[in-house]
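Presented below is the structure to which this report refers.
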Amino acid sequence: MRKSLFICIFAMMGLGANAQTPVYQDSKANIEERVEDALSRMTLEEKVKLCHAQGKFYSNGVPRLGIPGIWSSDGPHGVRFEMNWADWGHSGWEIDSCTAFPTLTCLAATWNPDLAYAYGKGVGEEARYRNKNVMLGPGVNIYRTPLNGRNFEYMGEDPCLAATLVVPYIKGVQSNGVASCVKHFCVNNQETNRMSVNVEVSERALREIYLPAFRAAVQEGGVWAVMGAYNKIRGTHACHNYYTLQEILKREWGFDGVVMSDWDGTHNAKEAAFNGLDIEMGTSHRPDKGIGGRNFRFDESYLGNDFLKGLRDGTYPEELVNDKARRVLRLIFRTAMNPQGYGKMDYAGHSEIVKAIGSEGVVLLQNNNVGKTPLLPLDASQYQNILIVGDNATRVLSHGGQSSELNPQHETSVLKAFQDRYGDKVSYAQGYAVPQTLGNRQDASSEQSKAVQLRQEAVEKAKQADIVIYVGGLNKESGQDCEDSDRQSMGLSYGQNELITDLLNANPRVVFVMMSGNAMELPELKRMPAILHAWYLGSDAGDIVADIISGKVCPSGKLPFSYPKRLEDNGAMSFGAESYPGVNGTQTYKEDVLVGYRWHDTKGIPALFPFGYGLSYTTFSYGRATLVSYGNQITVSLPVKNTGKVTGKEVVQLYVGEDKPTVLRPLKELKAFDKVELKPGEETIVSFSLNADEAFAFYDEASRSWKTNKGSYTLYVGSSSTDIRQKLKYKR
Ligand code: BGC
């Protein structure tokens with residue numbers, strides 16, 4: 001009797017000879033069995049606790065069962081500063097530096113999926129080391145208007161390009177046992193009124209343009225988390241939108257991961273409970289209850305105490321919380337309880353990835369002759385006096401932009417990189433400054449005179465220089481490529497236009513290195529010999545720019561979006577306020593499926609620099625393309641040859657268009673691309689395989705399904721969306 005009592009107590013304490021690790025703790029066990037085991041041991045209160053934040057970037061585990069909570073971090077270009085528990089302040093840690101990777105528009109401009117994997121793997125290693133379980137990114141919202149302040153965090157205007165790159169990025173991050181949280185789901189395409197604007201978009205545009213990258217993230221990338229957007233979609237906030245979350249994401253696409261809200265993106269208790277939100281993050285006030293501010297407690301979140309009460313009184317069935325809890329447990333087992341190594345802060349190794357991405361992402365927009373040869377690459381042995389001008393030549397651009405801000409372990413500026421290479425030959429003039437740094441802000445006239453002085457200094461130095469490298473553009477301050485504010489225009493600020501004109505008057509040999517995640521209105525285009533679109537390049541920005549300018553690296557980036565000649569030439573902008581930024585709280589995507597180059601092409605409105613465009617220091621010839629089809633499989637092959645004098649990389653692009661569509665369709669759409677490296681004189685065969693049923697399909701609103709018409713199609717092989725080298729016909 002006594003003996004059996006002891007055995008019983010030992011067993012209860014887990015100390016007996018037969019004590020076994022509970023299934024949920026066994027990382028080798030089937031994950032679904034672990035989830036069910038854990039769930040069966042949990043109280044209702046514990047399940048509810050999983051569904052909301054308990055800190056600014058922390059959500060609960062199950063302490064009683066030893067199941068850890070989840071630490072999240074922004075994302076997507078590196079692991080963010082450590083943040084305060086309950087507000088947006090930096091915690092002031094001394095060990096929260098990271099590698100700053102180039103922003104995602106730059107990754108998109110590489111058109112290189114291998115680099116996307118390396119990027120994700122590197123970011124994931126640092127996240128794992130910093131004990132982060134969820135990285136809040138990547139962002140794949142489609143570039144709809146050049147004014148969107150967050151375009152630099154996304155992957156451009158084309159769903160095929162974004163979908164192709166997001167998949168390896170996610171796989172790279174998640175190979176570390178760190179979740180990607182792809183964001184912002186969905187149609188979050190502007191910052192103006194971002195918390196409230198209601199987006200009306202046709203089902204076709206939703207399916208063909210705005211959803212494919214998210215779908216690829218889920219179905220091909222196997223992403224473990226998705227973040228809801230701030231805006232409303234057809235009347236309901238995206239963080240608790242039944243149609244997009246329950247119907248499309250979870251039912252149609254079979255997503256088994258977690259839907260997180262954007263921070264403070266939850267607005268309604270019932271919708272949050274019923275419509276597919278799993279973890280509510282960042283709620284800091286409840287207008288419906290008149291509470292908020294400093295003393296707001298996380299348990300007061302919509303999915304907190306109220307949710308518990310509703311489950312207890314039968315407002316909500318228990319299956320609702322069980323589904324959410326299962327998803328959260330799955331996420332915890334995949335990440336915080338994943339025995340997948342410890343990550344590393346490999347600054348040197350990750351710098352190599354940064355350089356590789358930047359080197360392939362910078363786009364050479366213009367390289368005209370000065371005298372008999374193009375200005376770039378620059379042969380420094382010819383120059384005694386290299387003048388660097390511009391605030392962005394010294395500014396740490398990994399800072400700023402709000403949630404994508406980083407504390408880089410190092411960020412090499414353009415000035416520093418040139419000084420390292422060319423020593424005393426290099427001089428510097430700031431040329432312009434952002435207003436806050438110009439003396440007393442109240443005093444407009446002193447700001448003005450300081451601006452004039454900076455400009456004059458630069459111009460005087462330019463007169464003496466052999467060459468001027470002008471480093472300007474945007475800078476991730478509010479309204480200059482930054483979360484929570486759109487740009488006010490497509491132009492340059494801080495008097496840069498006047499400065500550029502004066503510099504060119506003083507010296508015709510000017511290279512414009514433009515930092516920006518967006519298309520720009522470019523002053524003095526005809527007179528400016530060389531222009532590089534240099535994004536925000538992260539830790540090794542200066543070295544990347546110097547390598548390209550000096551010719552050590554041959555540029556191979558191609559634009560992931562179109563540069564319109566004028567803002568109103570952009571599809572979304574051409575329809576006025578109803579389309580952007582919205583009227584009376586609603587905006588309608590009137591350009592429908594004609595986003596980016598689809599608009600320029602189909603409407604015959606030429607872009608200044610088209611999608612897919614980018615120059616090189618070498619040249620490539622395209623041989624005759626052949627098309628072979630077998631059933632619905634199509635193979636297009638062609639020889640591509642480097643006909644220039646230096647090794648370079650070319651992105652060969654394949655577009656398709658239906659000749660006589662039954663609905664309005666873009667003239668052509670990107671369906672495949674390949675980036676090849678070739679030595680001078682070297683030739684290779686580039687081949688693309690397409691499934692005709694998929695590649696030629698459009699979303700048929702009547703049948704609510706994808707449809708492929710019989711008839712004839714044109715396949716376009718090109719070096720950009722407008723530099724089409726060959727057309728092929730296909731009959732289906
Ligand atoms: C942004 C998200 C970000 C989150 C957490 C929000 O304001 O929209 O992209 O991940 O804050 O910082």
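First listed ligand is number 1; within each ligand, the first listed atom is number 1. All values reported here derive from a predicted model rather than from experimental measurement.
- When the options Tyr563, Phe561, Trp111 are evaluated for a ring pair (Phe, Tyr, Trp, His ring centres under 6.0 Å) with Phe611, the one that passes is Trp111.
- Protein residues having a heavy atom under 4.0 Å from any atom of ligand 1 are Phe57, Asp74, Arg80, Trp88, Leu136, Arg150, Lys183, His184, Arg194, Met227, Tyr230, Asp262, Trp263, Ser403, Glu483, listed by chain and number.
- A search for salt bridge (charged side-chain N to carboxylate O under 4.0 Å, His left out) contacts involving Glu191 returns Arg194, not counting sequence neighbours.
- Applying the salt bridge (charged side-chain N to carboxylate O under 4.0 Å, His left out) rule to Asp299 yields the partners Lys49; only residues at least two apart in sequence or on another chain are considered.
- Applying the salt bridge (charged side-chain N to carboxylate O under 4.0 Å, His left out) rule to Arg330 yields the partners Glu32; only residues at least two apart in sequence or on another chain are considered.
- Using modelled atom types, one finds a donor on one side chain and an acceptor on the other under 3.5 Å when comparing Arg150 with Ser403.
- Evaluated for a side chain to side chain donor-acceptor pair (under 3.5 Å) with Asp540, the options Lys355, His350, His410 yield exactly one hit, His410.
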